[in-house]
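Numbers restart at 1 for each chain; the letters A, B, ... are given by sequence-line order, proteins then strands. Values in this document were obtained by computation on a predicted structure and should not be read as measured data.
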Amino acid sequence: MSVRTRFAPSPTGFLHIGGARTALYNWLYAKKSGGIFVLRVEDTDAARHNEEGLGKILEGLRWLGLTWDEGPDAGGDFGPYYQSERGEIYDRHLARLRESGHVYDDDGAVRFRVPDRDITVHDVICGEVTVNLHEQGSTRWDADLKENVPANPDLVIRRPDGSYIFHFCNVVDDLEMGISHVIRGEDHLSNTPKHLALFEALGAKPPVYAHIPLNLNQNGSKMSKRDQGALIHEYMENGFLPEAVNNYMALLGWSSKDDQEIFTMAELAERFDLDGVNKANSKFDYEKCLWVNGEHLKRLDPADLLERAKPFFAKVGIDADDARLPKAVELTRERAQRLSDMPTLVMSAFSDQITYDPEAVAKVTAKEGLGAVLNALHGALSGVADWTEDGIKHAIHAAAEGLGQKVGAFMLPCRVATMGGTTGPDLMPMLAMMGRDRVLKRLNAFSSTVAG
RNA sequence: GACCCGUUCGUCUAGCGGUCUAGGACUCCGCCCUUUCACGGCGGAAACACGGGUUCGAGUCCCGUACGGGUCGCCA
């Protein structure tokens, strides 16, 4: 059987991390099996037909590299790929159900007769789940009354206005599109018996179901758009690499069973398997996501990294053609976790503005002889003929020797005076990039500040 | 409330009856490396929800309880 998976978003807004992960798992499973990944837009509800929202979702998927073999813009033999355009197909299947006596009219709506017996879902991840839909549906929880009230267990599949309900469309589409594996969030597990009943009534073999656990926020509740890291657009804007975001999403709920944590997309597509999917919900951890991104950053080819970093320099006003950029990227690649961290880390070399970290200043001023150190630095650096990393290095060494001190004692004051804090990229290359004037000016300014 | 799913370090997870004095990763702490900052290396802290069974033996199987999540629409 050839594998066909699908991601079926409702085009309501941004691409959410939960949806993106579902898309990823479907994509990976299709790739791994040499199958087809289908994108279908679930816009049955007129209010959900939202071009702008759809655009954001497609943009997010494309950024992640989760491109679809069939769907909007890609075409395919099983279209249309918008539910809003599939009315005739639904009509046709409804007619079949009507013929076989599986449905009846109810106040203008059409209801599907739910069988009064156990239905068992054979889920690849959750195991067997058995439910009697008739029993279960004959009462309904009334949230206002806070009690169960009698209900009609039969499923409405078409509204009086002729529009169809999600469950029906979902089943008909999966059937018509030849979907072999439905990989979706566990929030659909309870709906699956309904879908199975529908497949059976249509005389069709259902797809394989795999319900993946949900991603929760740090508080243990469902992630909402407000939670950090919830929207894919956040990653796009904040300097994450798409392959790193995919890597992290893959790890949230799936394990390769060995100790590998960092995967390329190709490795994921090869290694991913439904067997490795965990049953339990997981909590999103932004810190680990950052770490994964940093690891991918380190592994990137320098030229590629430079290209990807450019927009983030441009964002803070540093020209993408600035000759210092390759050096800036090289200096920050190991300590940046996001592309957007890179300009921040070297900003003191690109701007006249500098902000001093009070704690760092306090730390260096606490030591005796700071004035002498700063003077020696200024004297030595102003005499450097060749303002390069090496030239600067020699000057600082000489200055330290002149005072009978170790170079190490000179580094921290120099760093704080010129960069504003105790941490950052390598000092010598930073000074080289900063330019002599800026360095000397800062040494002077810092001297008078701490002296005063 | 009913039904469904789940429960190993703070977090992500390995573990599929003995090899578990429970392994890896993130985070945190310490040490080493180092002209600074990082990187890297080494080490440390940190978990089988609870109670009953089954078994010679249970993190691993069964049943309860607790807790968490999900579903109960003419939303998707």
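- The P atoms of B:rG15 and B:rU8 are separated by 14 Å, rounded to the nearest whole Å.
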What donor-acceptor contacts under 3.5 angstrom involve side-chain atoms of residues 106-115 of chain A, with partners at least two apart or in another chain?
residue : atom : partner : partner atom : Å
A:D106  : OD2  : A:R111  : NE           : 2.6
A:R111  : NH1  : A:D154  : O            : 2.5
A:R113  : NE   : A:G101  : O            : 3.3

Could you walk me through whether A:V245 and A:V292 pass the side chain to side chain contact (heavy atoms under 4.5 Å, CB included) check? CA-CA 8 Å; A:V245 177; A:V292 170; over 6 Å; no

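- A distance of about 36 Å separates the C1' atoms of B:rA14 and B:rA2, rounded to the whole Å.
- Closest contact between the side chain of A:V407 and the listed nucleotides B:rU35, B:rG69, B:rU13 involves B:rU35.
- For A:E295, counting side-chain heavy atoms from C-beta on, the closest listed nucleotide (B:rG40, B:rA76, B:rC26) is B:rG40.
- Pair assignment for B:rC42 gives B:rG30, based on Watson-Crick or G-U wobble hydrogen-bonding distances that are each under 3.5 Å.
- In this structure, A:L214 places its CG atom 8 Å from P of B:rU71, rounding to the nearest Å.
- The interatomic distance linking A:N215 (CG) with B:rC5 (P) rounds to 21 Å, in whole Å.
- Residue A:E186 places its side chain closer to B:rC5 than to any other of B:rA14, B:rC5, B:rA76.
- Relative to the six-membered ring of A:Y82, A:R40 misses at least one condition, a distance below 6.0 Å or an angle of at most 45° to the axis.
- Partner assigned to B:rU11 is B:rA25, using Watson-Crick or G-U wobble distances below 3.5 angstrom.
- Taking the side chain of A:R159 as heavy atoms from C-beta on, and the options B:rU71, B:rA14, B:rC74, the nearest nucleotide is B:rC74.
- Distance noted for atom C1' between B:rC48 and B:rU7: 10 Å (whole Å).
- Residue contacts shown for A:G137 are absent, as no nucleic acid heavy atom lies under 4.0 Å away.
- Side-chain atoms of A:N281 stay outside donor-acceptor range of the base of B:rG6, with no qualifying N/O pair under 3.5 Å.
- No contact: A:S163 has no heavy atom under 4.0 Å from any strand.
- Nucleotide B:rA76 holds its P atom 10 Å from the CG atom of A:D43, rounded to whole Å.
- Using a 4.0 Å heavy-atom cutoff across all strands shown, A:M430 reaches no nucleic acid atom at all.
- The aromatic rings of A:Y235 and A:F240 sit perpendicular, their planes meeting at an angle over 60°, well past the 30° parallel limit.
- A distance of about 27 Å separates the P atoms of B:rC20 and B:rU54, rounded to the whole Å.
- Pairing of B:rC67, defined by two Watson-Crick or G-U wobble distances under 3.5 Å, is identified with B:rG6.
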Which is it for A:F284 and A:Y248 under the ring pair (Phe, Tyr, Trp, His ring centres under 6.0 Å) test, yes or no, and what are the steps along the way? CA-CA 10 Å; A:F284 182 85; A:Y248 180 68; 5.4 Å; yes

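- Listed candidates were B:rC26, B:rU36, B:rG70. Nearest to the side chain of A:K288 is B:rC26.
- We find that CD of A:Q136 is positioned 16 Å from P of B:rG1, with the value rounded to whole Å.
- To the nearest whole angstrom, the two P atoms, one in B:rA46 and one in B:rG6, are 31 Å apart.
- For A:M411, taking side-chain heavy atoms from C-beta onward, the closest of the listed nucleotides B:rC74, B:rU35, B:rC72 is B:rU35.
- Contact record, A:G421 with A:A360: CA-CB, 3.8 Å, taken as the closest heavy-atom pair.
- Between A:F199 and A:Y209, the two ring planes are perpendicular [angle over 60°; tilted spans 30° to 60°].
- Between B:rU71, B:rA76, B:rU36, one nucleotide has an atom nearer to the side chain of A:T44 than all others, and that is B:rA76.
- No N or O donor and acceptor, one from the side chain of A:N191 and one from the base of B:rU71, sit under 3.5 Å apart.
- When distances are taken from the side chain of A:W291 to each of B:rG70, B:rU35, B:rU27, the shortest belongs to B:rU27.
- Shown here, B:rC61 forms a base pair with B:rG53; the pair counts as Watson-Crick or G-U wobble because both key distances fall under 3.5 Å.
- At a threshold of 4.0 angstrom between heavy atoms, the contacts of A:G424 include nucleobase atoms, whether or not backbone atoms are also involved.
- Judged by Watson-Crick or G-U wobble contacts below 3.5 Å, the nucleotide B:rA47 has no partner.
- With salt bridges taken as basic N to acidic carboxylate O contacts below 4.0 Å, none links A:R6 and A:E42.
- Using a 4.0 Å cut-off, some side-chain N or O of A:R140 falls inside it from OP1 or OP2 of B:rG73.
- Regarding A:L216, its CG atom lies at a distance of 18 Å from the P atom of B:rC67, rounded to whole Å.
- Taking atom P on both nucleotides, B:rA47 is separated from B:rG64 by 29 Å, rounded to a whole Å.
- Rounded to whole Å, the separation between the C1' atoms of B:rC31 and B:rU13 comes to 28 Å.
- By the criterion of a centre-to-centre distance under 5.5 Å and near-parallel planes under 30°, the ring of A:W141 forms a stack with the base of B:rG1.
- Considering only the side chain of A:E334, B:rA38 comes nearest among B:rU35, B:rA76, B:rA38.
- Ranking B:rC74, B:rU71, B:rU36 by closeness to the A:S190 side chain, first place goes to B:rU71.
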